[in-house]
Amino acid sequence: LTHSHSFTMATKGQKTFNDKTKPAMMRNSNIIAAKALSDLVRTSLGPKGMDKMIQDPMGNVTITNDGATIMKTIEVMHPAAKMLVDLSQAQDVEAGDGTTSVVVLCGALLTACEKLLRMGLHPTQISEAFGLAAAKAVEVIESISVPIELTDREALIKCASTSLNSKVVSQFAPKIAPMVVDAVLKVQSNGNCDLRDIKVIRKLEGTIDDSEMIDGVIFDKKVSHTAGGTDRVTNAKIALVQFCLSPPKTDLDNQIIVSDYAQMDRVLREERQYILGICKKIKKAGCNVLLIQKSILREAVNDLALHFLAKMKILVVRDIERDDVEFLCKSLGCKPIASVDDFSVDKLGVADTVEEMSIGSSKVIKVTGPHVEKARTCSILVRGSNQLVLDEAERSIHDALCVVRCLVKKQALVCGGGAPETEITMQLSEYAKTLDGAEAYCFREYAEAFDVIPFTLAENAGLNPIGTVTQLRTRHNAGEKNAGINVRKGCITDIQEENVLQPALVTISALTLATETVRSILKIDDIVHTR
């Protein structure tokens with residue numbers, strides 16, 4: 001045996017394992033890797049947080065403050081650190097906001113684990129106690145949360161602005177927040193809201209101030225103008241087709257050998273007849289706006305077809321993306337038509353006007369009308385002066401949309417500014433005094449880990465973190481549940497009056513997800529690389 005120290009020969013000849021150092025080392029390396037990652041995003045927490053500039057191997061630069069985006073774009077080698085990347089993605093899907101806090105919180109909980117492991121507690125013991133503590137912490141948040149009605153537009157706007165505060169676009173929050181709230185309220189139905197029904201369209205040129213929410217549909221396409229087609233149709237009947245308006249092709253490569261000109265003319269004449277036949281069927285159904293889905297196999301529409309359609313005064317938009325089909329059908333009330341033979345009136349959508357309008361130096365197509373406005377979809381047009389600002393604005397709007405969606409799912413608010421975290425720390429520490437044994441230690445450490453959020457907020461705002469957190473605790477002890485760090489004034493105030501609010505779901509999901517990740521990292525005692 002090479003590793004003589006690992007195995008001692010037992011009496012009956014079976015091997016027993018004696019080496020205790022490796023699992024502990026493994027656990028430490030996992031914790032260190034995960035903590036390194038959480039320290040990286042720590043500086044971008046809160047309204048005074050900094051942004052990260054990330055350059056990928058291709059040389060593309062991303063500037064962002066969104067935890068999930070940072071985690072997604074950096075390449076992580078360590079498997080335990082990858083768990084944190086997945087954690088921030090999970091938070092992004094579940095709540096949409098709080099992706100930075102969830103990673104920071106996870107790092108703090110791992111530090112707490114480190115302390116407990118040094119005391120000699122067993123990982124499973126810590127893991128179980130943390131599970132109980134998380135359930136308790138959720139109870140605390142539920143107890144301090146304030147219920148809210150979806151009709152209360154002001155409160156929803158306050159929440160959306162809080163989410164936008166830590167982003168680059170924070171000075172435009174008064175403009176963006178109402179837009180976002182109206183968009184979500186328009187598409188939400190019975191306690192959920194599908195963000196795919198809100199189309200965010202990005203356009204360069206102009207400033208973020210020029211962004212608007214549009215009650216109709218906008219698509220980022222040009223009208224096909226070949227052969228003098230129209231670019232404005234009133235009283236539109238819209239068809240979305242998935243077949244090609246071009247001469248049919250065989251699946252395999254084929255060659256037709258033509259011996260004289262008469263035969264060649266016949267081939268071309270057949271082609272004309274075929275296309276004209278399709279165009280006539282389209283006209284017959286009364287359609288005057290034609291959206292053509294992108295085709296991979298052959299060109300979706302050829303010049304001849306465009307010429308016929310232009311003569312018939314039909315407006316043509318081509319290369320509609322496959323992913324947009326569902327959205328367009330929902331908003332325009334049309335059904336996708338897969339072949340010419342199915343082309344009938346009942347599959348058409350109705351709109352008052354379809355027109356092409358210029359935005360900056362590019363064109364978009366806007367569809368308006370009562371039918372389109374009634375549909376549970378809407379478009380948000382985002383403008384920005386350069387690509388980086390535009391991308392960041394889109395991410396911020398996505399976060400804000402998610403915040404409002406959380407309120408639709410679970411209609412409860414908590415304060416921001418580190419108030420709920422401090423309250424958890426206070427109440428769990430109190431509760432820990434009623435327990436005995438190892439559990440009490442775990443609960444106490446778990447509770448103190450939550451200090452990291454107010455601590456970091458204070459640190460990023462340039463306040464004295466220890467003094468601020470101590471003062472915050474004193475205020476919470478005195479029973480001020482809404483006391484939080486006011487970053488703008490640099491002191492501790494009642495955060496509710498400052499309108500810094502967030503959905504309870506964001507905090508709850510951050511807390512449960514972070515705890516789950518920590519528990520699974522704790523239980524790992526070895527990493528095996530397979531070839």
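Looking at N192 and V408, their side chains never come closer than 4.5 Å, going by heavy atoms from C-beta outward. Taking the side chain as every heavy atom from C-beta outward, V241 and L291 never approach each other to under 4.5 Å. Side-chain contact check for E356 versus R232: every heavy-atom pair is 4.5 Å or farther apart. Residues S163 and Q502 have side chains not in contact (no heavy-atom distance under 4.5 Å, counting atoms from C-beta outward). In this structure the side chain of D86 never reaches within 4.5 angstrom of the side chain of M71, judged on heavy atoms. With a 4.5 Å cut-off on side-chain heavy atoms, I201 and I380 do not count as touching. A 4.5 Å side-chain heavy-atom check between V217 and K366 finds every atom pair outside the cut-off. Contact check for N302 versus I275: side-chain heavy atoms found under the 4.5 Å cut-off.
Between the NZ atom in K294 and the NZ atom in K221 there is a gap of 6.0 Å [rounded to 0.5 Å]. The distance from the OG atom of S161 to the CG atom of L164 is 6.5 Å, given to the nearest 0.5 Å. Once rounded to the nearest 0.5 Å, the distance linking CG of L185 with SG of C193 reads 9.0 Å. For the atom pair L332 CG and H371 NE2, the distance stands at 11.5 Å (nearest 0.5 Å). Distance check: I176 CD1 to E212 CD gives 13.0 Å after rounding to the nearest 0.5 Å.
We find that R196 and D323 are not joined by a salt bridge, their nearest charged nitrogen and carboxylate oxygen being 4.0 Å or further apart. Salt bridge E355/K363: absent, no basic N to carboxylate O contact under 4.0 Å. For the pair R202 and D391, the salt-bridge criterion is met [side-chain N within less than 4.0 Å of a carboxylate O]. Between D197 and R376 there is no salt bridge, since no side-chain N of the basic residue sits under 4.0 Å from a carboxylate O of the acidic one.
Considering only residues two or more places apart in sequence or on other chains, D51 meets the salt bridge (charged side-chain N to carboxylate O under 4.0 Å, His left out) condition with none of them. The side chain to side chain donor-acceptor pair (under 3.5 Å) test applied to S170 returns no partner, not counting sequence neighbours. For T368, the side chain to side chain donor-acceptor pair (under 3.5 Å) partners two or more places apart in sequence, or in a different chain, are T353. Annotation: side chain to side chain donor-acceptor pair (under 3.5 Å) contacts of E205 (sequence neighbours excluded): S361. Taking the side chain to side chain donor-acceptor pair (under 3.5 Å) definition, one finds that D215 meets it with K186, sequence neighbours left out. With sequence neighbours left out, N486 forms a side chain to side chain contact (heavy atoms under 4.5 Å, CB included) with R488, K489, T493, E498.
Under 3.5 Å, the side chains of S344 and D346 contain a donor-acceptor pair of N or O atoms. Side-chain contact, K52 with T43: a donor N or O sits under 3.5 Å from an acceptor N or O.
With hydrogens and angles disregarded, no donor-acceptor distance shorter than 3.5 Å links the side chain of N65 to the backbone of L45. Formation of a donor-acceptor pair under 3.5 Å by the D399 side chain with backbone atoms of D97 is not found in this model. Panel note: side chain N482, backbone C415; no donor-acceptor pair is recorded below 3.5 Å. Using a distance-only test at 3.5 Å, with no hydrogens or angles considered, a donor-acceptor pair links the side chain of K283 to the main chain of M312. No donor-acceptor distance shorter than 3.5 angstrom exists from the side chain of S396 to the backbone of V169, with no hydrogens or angles considered. The main-chain N or O of E392 is never found under 3.5 Å from a side-chain atom of K167 such that the two would form a donor-acceptor pair. In terms of modelled atom types and a separation under 3.5 Å, the side chain of S211 and the main chain of V382 share no donor-acceptor contact. Within the 3.5 Å criterion, the main-chain N or O of T207 finds a donor-acceptor partner in the side chain of D210.
By the neighbour-count criterion of 12 heavy atoms within 6.0 Å, atom NZ of K410 is sparsely surrounded, having that number or fewer from other residues, nucleotides or ligands.
Heavy atoms only, all atoms of each residue included: A236 and V289 are closest at CB-CG2, 3.7 Å. Among all heavy-atom pairs drawn from P420 and V414, the shortest one is CG-CG2, 4.5 Å. The two residues A134 and L511 make their nearest non-hydrogen contact at O-CD2, 3.7 Å.
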Exercise. Stepwise, does the salt bridge (charged side-chain N to carboxylate O under 4.0 Å, His left out) test hold for D209 with R383?
Worked result: CA-CA 8 Å; D209 254 345; R383 310 286 301 278; over 6 Å; no
For this session: Dump the intermediate steps for salt bridge (charged side-chain N to carboxylate O under 4.0 Å, His left out) on D92 and K72, then the final yes or no.
Result: CA-CA 11 Å; D92 200 28; K72 199 163 53 191; 5.3 Å; no
Exercise. Can L315 and V354 be said to form a side chain to side chain contact (heavy atoms under 4.5 Å, CB included), step by step?
Worked result: CA-CA 9 Å; L315 181 140; V354 175; 4.0 Å; yes
For this session: Evaluate side chain to side chain donor-acceptor pair (under 3.5 Å) for K222 paired with S362, printing each intermediate quantity in order.
Result: CA-CA 9 Å; K222 293 192 196 62; S362 58; over 6 Å; no
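In this structure, K199 is positioned above the aromatic face of F327, its NZ or CZ under 6.0 Å from the six-membered ring centre and within 45° of the axis.
Checking D319, L240, V316 one by one against I292, the side chain to side chain contact (heavy atoms under 4.5 Å, CB included) holds for a single residue, V316.
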